A.B. asks: 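Before we start, here is the structure in question, set down as structure tokens.
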Amino acid sequence: MITSAISRRASLAGLTLFAADSQARAQAPQAPQQLLNVSYDPTREFYREYHTAFAEFWAGQGHPRPRLSASHGGSGRQARAVIDGLAADVVTLALAYDIDAIADRGLLAKEWQTRLPDNASPYTSTIVFLVRRGNPKALRDWPDLLKAGVSVITPNPKTSGGARWNYLALWAWALRQPGGTEATAEQAVTQLFRQVPVLDTGARGSTTTFVQRGQGDVLLAWENEAHLALQEFPQAGLEIVYPAFSILAEPPVSVVDANVDRRGTRPLAEAYLQHLYSDQGQRIAAKHFYRPRNPDVLREAGSRFPNIEFATVDTVFGGWRRAQATHFDDGGVFDRIYRPGGR
Amino acid sequence: MTARPRAATADPPWLAGLLIGAALAVAGVVLVLPLAAVFTESLRRGWEVAWEAIIEPDAVSAMQLTLLVAAIAVPVNTLGGIAAAWAIARCDFPGRRLLVTLIELPFSVSPVISGLVYVLLFGAQGYFGPWLAAHDIQILFALPGLVLATIFVTFPFVARTLIPLMQEQGQAEEEAALTLGANTWQILWHVTLPKIRWALLAGILLCNARAMGEFGAVAVVSGHIRGQTNTMPLHVEILYNEYMFVGAFAVASLLALLGLITLGAKTALEILSRSRMGSHA
Amino acid sequence: MSVRITGLSRRFNGQAALDDVSLEIARGEFTALLGPSGSGKTTLLRVLAGLDFPDAGLVEIDGRDVGQVPARERRVGVVFQHYALFRHMSVAENVAFGLRVRPRATRPAAAEIDRRVRELLELVQIPELAGRFPDQCSGGQRQRIALARALAIEPLLLLLDEPFAALDAVVRKDVRRWVRGLHDRLGITTILVTHDQEEALELADRVAVLDRGRLAQFAPPATLLEAPATAFVAGFLGEASCIPARLSGGRLESPLPGLAAPPAWPDGALRLFLRPHEVAVEAGPGPGLVRMVHPSLGAGTRVVLELEGHVLEGVVPPGLPVPERGGPCGLRALAATAFHEDGSRARLA
């Protein structure tokens, strides 16, 4: 760890030495390689387990056992760090938009989303409701959240990827109601954010607010985050409610071309992402409450992932870039409808 | 503790008692209680669980990293602090006031901003980013960045402890040494440093405590790579966010303990220096 | 060693601390630099020690221009005003410092240093303090330590900066005489900086009086008292009172009777300086108003009185009645030193 930084510096002693060093790295794939996955907040537990499995798999292919590490944080902030030079070999973020931002700086190919199956999203997730035991306010579907006296917990869409999914899920639901228009959808989200007492900056912060501080009647959460909360706080008395309709969140993954080419880690990085689509990778994802893409593995999981109707960002909003520009950029819809303290 | 007025002008005993009581109550609620909570929380599931969280490889590497960063940043700031204090207290030069203000800078700007400054300088999109990338030098999201950010944030401690002392002491003893034939190094080593040694040690200890505990600036430049660029305070936050409360509080306790030891050493030092001074009076 | 100062000037922020000062001090002489605070005497001492550097002028010690010689090579011993002892070193270590910091080639062996320190402490009569720390010593003892420390480097020139200021009045006189005695035994050229005229007049062979950075007079004590070169010297030394007067048509117009006009002076404003024994006071009606009466032994009774708004001191000769405080009194000048506005000086009687 520390030694790696030092040896990298030491290798600066001479440019020739450096050149020899990087050549050696490229020519001798037998040396153990390092791989850094820069990911977002709720994937910590998933990738911890995946690392053990993949290292085993990769070693089984006749390679030296790789050293895999991960960095977690808010999806947007992590993308920013990669842009600023955090040497990620792969990025596994919450939104395609964040990977687009990295591609815009030329660190990876623009058509990254076509390089892997399923829009480069090996697993999906959705937005569900986490409520108090017995669901005292009888919150079953989106319209219930807009009733007077219901207090909703969600993070801030300006800073949190998860919160943008929450917002877009409600918007998509409102659009498909009879007589639904942009105007009614905007009304619905306006009403919802009026009922939010605290806007945390990230998904984990909102979970803590809801579970540990006991604020709010319902938490809008990632499906996996909701299950994790259930698992971690069995005594907190929580229940998951699946609305009849929600949005299909497709957390995408990509190799960071500039970094893997510089470090000579492309084969490892590509295998790392492809293995996410393998049965083993899919099963680990399912175990951590990410919906596997593989229909067989999904079937195995059985009732773990109730079948609900999904909208996608591409079909409803014309892709993430447009959704971002319309709703979340400065001066977008969210800025118009939400004024802190202006209830 | 008895509230004994020290002079005729002192406040009445009931008022003194009230004030002392209030001060102790505030200190208890604001300082002691949370600290005690950290320790109890870490031991909630027993010593073994707490110990396992501490010897877990990522935690160990966070500790090593924290100690390494402090081991580089503290000596650098000690030398820099002595030099700055010496220049300010002893010399009159253009820009002296500016230097005084600059020393205060890390205290007056948020550590997050200190971190962002380094991103701006050394980030891939920053001023020196392309050059650094071309030479395969990693500063941000690696040890050099952590050290730089820590040095920046903890720079004032040594200088600020020394400046008022050196200004108050004046330089008569240094001038005496000069007329007695001593050269610059002899004066520094035999006269100036002994004069300021207690304050210097106190400054170093404070600097060390802050270097180990720094969160804001380090969080920005760390990259949060487990086992590689996570310092102890960052590791505590990660554990907490992973619902691993015992681990978070165990590592937090260790960090708090390091801080308390530092503080204890500083207090012992002050008592020691006072008794030594006193014995000469 | 002899010291020659030629045309020395030093300015701080445009203010002249030393203004074209020249003086020559003979080998083995004990000289005092006397003046009120701000007169430049400490600046002069610092320039001699090499702790400050002149803007113009020349300093020669024993014929050698020391302008480029750094302080640590000058062998000028300094006893600082507050002694500037090294608080973290024992008395013996303080005294040994100047020997221990010498380059290896000229540094005496440790045993030799110990012997010299013992000798010096005996010379200043405090051998029993060797193991103590400065904080554990009295003011007088500290002064002796500082002196021993300065003497350890076998100085060519010894500078004493207000060395008695920190002592209480009782020990001050004893210490003063002891210092002069030590000087006479060692024969080191010594310069004493002081604002205390009594000290300067008692100790020094010659006194240099400084007035706002300029050398007003450099002369033996008796000459300064008898023939002050400037009005400043006359006023600063010997408790003289100052009374304004005028020469007009060869007549002296003064509130004080008894003085004849100086011969051959042009008309103009004068200042008269009168020492107490030059003003005779008598009880009874007169222009004076008695403000204070100091009884004293022998030489009459000293009286502070007011005359047309000027305060002056006089003496009631022994045996005569003493006027009452608050009452009137008569007075007469016996002699005075007069300075004309053109700078010339005369003794009047």
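Model, not experiment: these values are computed from the prediction.
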A.B. asks: Please name the pair of heavy atoms, one in B:Tyr243 and one in A:Thr207, separated by the smallest distance, quoted to 0.1 Å.
C.D. replies: OH-CG2, 3.0 Å
A.B. asks: Please state whether the side chain, the backbone, both or neither of B:Leu132 comes within less than 4.5 Å of a heavy atom of chain A.
C.D. replies: neither
A.B. asks: A side-chain contact here means heavy atoms from C-beta on lying under 4.5 Å apart; do B:Asn241 and A:Arg44 qualify?
C.D. replies: yes
A.B. asks: Taking atom CZ as the centre, does B:Arg44 end up with more than 12 heavy-atom neighbours from other residues, nucleotides or ligands that are less than 6.0 angstrom away?
C.D. replies: no
A.B. asks: Quick one: CZ on B:Arg226 to CG on A:Leu36, what's the gap to the nearest 0.5 Å?
C.D. replies: 12.5 Å
A.B. asks: Quick one: pull up CD in A:Gln34 and CD1 in B:Ile225 and give me the separation to the nearest 0.5 Å.
C.D. replies: 9.0 Å
A.B. asks: Do the ring planes of B:Phe245 and A:Phe233 sit parallel (below 30°), tilted (30 to 60°) or perpendicular (above 60°)?
C.D. replies: tilted
A.B. asks: Identify the heavy atoms of B:Leu140 and A:Asp84 that sit nearest to each other, and give their distance.
C.D. replies: CD2-O, 3.7 Å
A.B. asks: Against chain B, work out which of A:His72, A:Glu45, A:Arg77, A:Gln212 has the most heavy-atom pairs shorter than 4.5 Å and name it.
C.D. replies: A:Gln212
A.B. asks: Could you give the distance from CG (A:Asp41) to CD1 (B:Ile238), rounded to the nearest 0.5 Å?
C.D. replies: 9.0 Å
A.B. asks: May I ask you to check whether over 12 heavy atoms, not counting those of A:Arg266, lie within 6.0 Å of atom CZ?
C.D. replies: yes
A.B. asks: What do you reckon, is NZ of A:Lys158 surrounded by more than 12 foreign heavy atoms closer than 6.0 Å?
C.D. replies: yes
A.B. asks: Has B:Phe107 got more than 12 heavy atoms of other residues, nucleotides or ligands less than 6.0 Å from its CZ?
C.D. replies: yes
A.B. asks: Side chain, backbone, both or neither: which part of B:Tyr240 has a heavy atom under 4.5 Å from chain A?
C.D. replies: side chain
A.B. asks: Under 4.5 Å from any heavy atom of chain B, what part of A:Ala70 do you find: side chain, backbone, both or neither?
C.D. replies: backbone
A.B. asks: How close do B:Asp136 and A:Arg262 get, heavy atom to heavy atom, and via which atoms?
C.D. replies: OD1-NH1, 3.4 Å
A.B. asks: Write down the atom of B:Gln138, the atom of A:Gly85, and the distance for their closest heavy-atom approach.
C.D. replies: NE2-O, 3.3 Å
A.B. asks: Without swapping roles, check the side chain of B:Gln125 against the backbone of A:Ile83 for a donor-acceptor pair under 3.5 Å.
C.D. replies: yes
